[in-house]
> 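Attaching a single structure in structure tokens format; questions to follow.
When a ligand or atom number is given, it counts from 1 through the structure's own listing order. What you are looking at is a predicted structure, and each value in this text was computed from that prediction instead of being measured.
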Amino acid sequence: MFVKHGMNSGFSSLASSAVLRRQQFLIRSLKGYSVSDKIRMEAVKCLSGGASLEANAESVLRAITPSLDPTRHKGQAGKIAVIGGCREYTGAPYFAAISALKIGADLSHVFCTEGAATVIKSYSPELIVHPILEESYNISGVNDEGKRDISKKILSEFDKWMERFDCLVVGPGLGRDPFLLECVSKIMTRARQSNVPIVVDGDGLFLVTNSIELVSGYRLAVLTPNVNEYKRLVQKVLRCDVNDQNTHGELLSLSKQIGNVTILRKGKSDLISDGEKVQSVSIYGSPRRCGGQGDILSGSVAVFLSWARQCNSAAERESTISRTNPTVLGCIAGSALLRKAAALAFEHKKRSTLTTDIIEHLGQRYTHLS
Ligand SMILES: NC(=O)C1=CN([C@@H]2O[C@H](COP(=O)(O)OP(=O)(O)OC[C@H]3O[C@@H](n4cnc5c(N)ncnc54)[C@H](O)[C@@H]3O)[C@@H](O)[C@H]2O)[C@@H](O)CC1
Ligand SMILES: Nc1ncnc2c1ncn2[C@@H]1O[C@H](COP(=O)(O)OP(=O)(O)OP(=O)(O)O)[C@@H](O)[C@H]1O
Ligand SMILES: [Mg+2]
């Protein structure tokens, strides 16, 4: 079976004092590190409220990961592009792009501003960096016609590459400059016309929340909101505040309202929905909440969803998995892998664990994923 029924379907409505006592015990257990991962997972499921379908992440990972076959050529394991990197942020696009390579993609590109490009290139010679984006401050003396020309040039530079990509990650460290975001909207529209999947994260979600039509109804779009980003999406799309008593129902409605795009709501448990059902990944990760873990996740989801789309022959896939939306499979695999890598990094580095430490553990998934 691909999914296992959670232990507490309809928990919120059935809560009795005995269940509440058990919950309180589990909350106390979570504070220490002596209890097993399994108990922590139970606790998280108990606390999530609503029917819980914990994804069998290990099966998903095994089913969608391509073999290291000597007949395969460079590029077949994935070509990913991250659109992000501006004056403020260079770490986020680097984390997303390098994570894609560490997981097993063959090529990882970054499209960013010129200033950010030099920095990102210096972090890693493995990344292919395109310094094509422009921010308003850099073109402040240019008139409207000049700006239109710059925008056209950016789009045509991107067009040269786009057909080669298996997935785009839009947003890590993108910033919120209006001119830059306008150009990125055009890039997203072009990618959508060419059926290239798009993972939207960070400032990409800021853009999409204000221009929901960019992804609305696009089944190859994945949104990966953190707590703030989710709140803004719910307020904009559902026109209400986040309701923690109805997490699953709310996520289903949000996804449906945006035309069944896949949403991965990050948090204590990661919740994933494409508007059909909600699945969770509650594997215990790390108590460190250092910045950059969401960036690892977006790069990882991009690779896994590309792999999930590739294995469309029934022989290659387990039956339930073959019927599951590849974007959902990508989210389950990405979330599980990040969480396990975070747990392994925390075992070694404890409170000093940083995003770069987690990236170093991305490759250990098969031996340690439980
Ligand atoms: N090392 C790095 O380069 C990192 C960069 N990051 C990037 O940082 C950017 C922001 O991500 P966060 O997760 O911090 O975003 P959040 O939305 O969680 O919050 C960011 C900040 O923006 C403010 N803010 C919220 N709504 C706003 C609005 N409507 N207009 C202007 N400001 C608003 C918040 O008060 C907060 O201080 C993203 O591009 C993200 O990818 C992060 O990924 C962390 C690591
Ligand atoms: N309270 C939590 N307990 C356990 N894991 C969590 C918790 N909150 C987030 N995570 C995990 O950390 C990962 C990143 O989520 P987070 O909310 O930090 O994203 P983010 O804010 O976008 O990160 P970034 O700093 O990269 O922008 C997610 O996969 C999620 O599973
Ligand atoms: Mg983020």
Side-chain angles (χ1 to χ4, degrees), residues 26-27 29-31 33 35 37 40-48 54-55 57 82-86 88-100 103 169-176 199-209 222-233 242 244 247 251 262-272 278-304 330-346 353-359 361-362 365 369:
L26 288 166
I27 293 168
S29 305
L30 274 167
K31 288 183 183 152
Y33 291 96
V35 289
D37 280 4
R40 289 178 216 273
M41 278 171 59
E42 281 186 10
V44 171
K45 276 190 249 170
C46 257
L47 295 172
S48 64
E54 179 69 10
V82 177
I83 319 285
C86 62
E88 289 93 353
Y89 308 121
T90 55
Y94 165 77
F95 293 144
I98 202 75
S99 298
I103 284 167
V169 182
V170 175
L174 190 62
R176 292 174 185 178
V199 177
V200 188
D201 185 40
D203 295 315
L205 288 164
F206 176 79
L207 169 64
V208 157
T209 302
V222 176
L223 313 184
T224 57
N226 66 13
V227 63
N228 284 332
E229 292 150 356
Y230 184 76
K231 192 170 143 198
R232 290 194 289 267
L233 258 182
V242 172
D244 286 328
T247 47
L251 187 60
T262 298
I263 302 175
L264 191 171
R265 180 187 179 181
K266 295 177 282 195
K268 199 183 304 171
S269 261
D270 286 340
L271 298 179
I272 298 151
V278 177
Q279 295 188 58
S280 58
V281 176
S282 312
I283 293 167
Y284 188 69
S286 144
R288 280 282 283 137
R289 300 269 64 82
C290 55
Q293 295 182 65
D295 305 320
I296 299 180
L297 182 72
S298 60
S300 310
V301 169
V303 178
F304 285 122
C331 289
I332 292 169
S335 170
L337 184 60
L338 164 67
R339 282 169 169 259
K340 207 61 204 176
L344 291 171
F346 187 77
T353 304
L354 297 179
T355 296
T356 42
D357 301 314
I358 299 173
I359 289 170
H361 286 88
L362 285 173
R365 60 190 184 274
L369 199 86

> Using a strict 4.0 Å cut-off to heavy atoms of Q293, name the atoms of ligand 2 that fall inside it.
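The list of qualifying atoms is 14 (C), 26 (O).
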
> Does ligand 2 have any atom that is closer than 4.0 Å to a heavy atom of G202?
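False for this residue.
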
> For A333, give me all partners under side-chain contact (heavy atoms from CB on, under 4.5 Å), at least two apart in sequence or on another chain.
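Listed in chain order: V60, L61, I64, F304.
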
> Tell me which one of G294, A96, S298 gets a heavy atom nearest to atom 14 (C) of ligand 2.
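Shortest heavy-atom distance from atom 14 (C) of ligand 2: G294.
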
> With respect to R339, determine whether any N or O atom, backbone or side chain, lies less than 3.5 Å from an N or O atom of ligand 2.
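For ligand 2, there is an N or O atom that lies under 3.5 Å from one belonging to R339.
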
> Could you list the atoms of ligand 2 found under 4.0 angstrom from a heavy atom of L297?
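Heavy-atom distances to L297 below 4.0 Å select 29 (O).
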
> Heavy atoms only: which of L205, V281, D295, L337 is nearest to atom 27 (O) of ligand 2?
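Nearest heavy atom to atom 27 (O) of ligand 2 lies in D295.
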
> Does K266 reach ligand 2 with a nitrogen or oxygen that is under 3.5 Å from one of the ligand's nitrogen or oxygen atoms?
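Yes; at least one N/O pair falls below 3.5 Å.
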
> Can D357 and R288 be counted as an ion pair, charged N to O under 4.0 angstrom?
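No salt bridge links D357 with R288.
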
> When rounded to the nearest 0.5 angstrom, what is the spacing between CD in Q293 and OG1 in T353?
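So the gap between those two atoms works out to 8.5 Å.
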
> Residues in side-chain contact (heavy atoms from CB on, under 4.5 Å) with T209, at least two apart?
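Here the qualifying residues are R232, L233, K236.
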
> Look at ligand 2 and say whether G292 reaches it with a heavy atom at a distance under 4.0 Å.
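Distance cut 4.0 Å: G292 passes for ligand 2.
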
> Using side-chain heavy atoms (C-beta onward) and a distance below 4.5 Å, is T355 in contact with D295?
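No. Closest side-chain heavy atoms not under 4.5 Å.
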
> Looking at side-chain heavy atoms only, is the closest gap between V242 and R265 below 4.5 Å?
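When only atoms from C-beta onward are counted, R265 and V242 do touch, with a gap below 4.5 Å.
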
> Does D270 approach ligand 2 within less than 4.0 angstrom via side chain, backbone, both or neither, non-hydrogen atoms only?
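Answer for D270: side chain.
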
> Should you measure from each heavy atom of G291, which atoms of ligand 2 turn up under 4.0 Å away?
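Ligand 2 atoms under the 4.0 Å threshold to G291: 25 (O).
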
> Can you check whether K266 reaches L264 side chain to side chain, under 4.5 Å on heavy atoms?
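Yes, at least one pair of side-chain atoms sits under 4.5 Å.
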
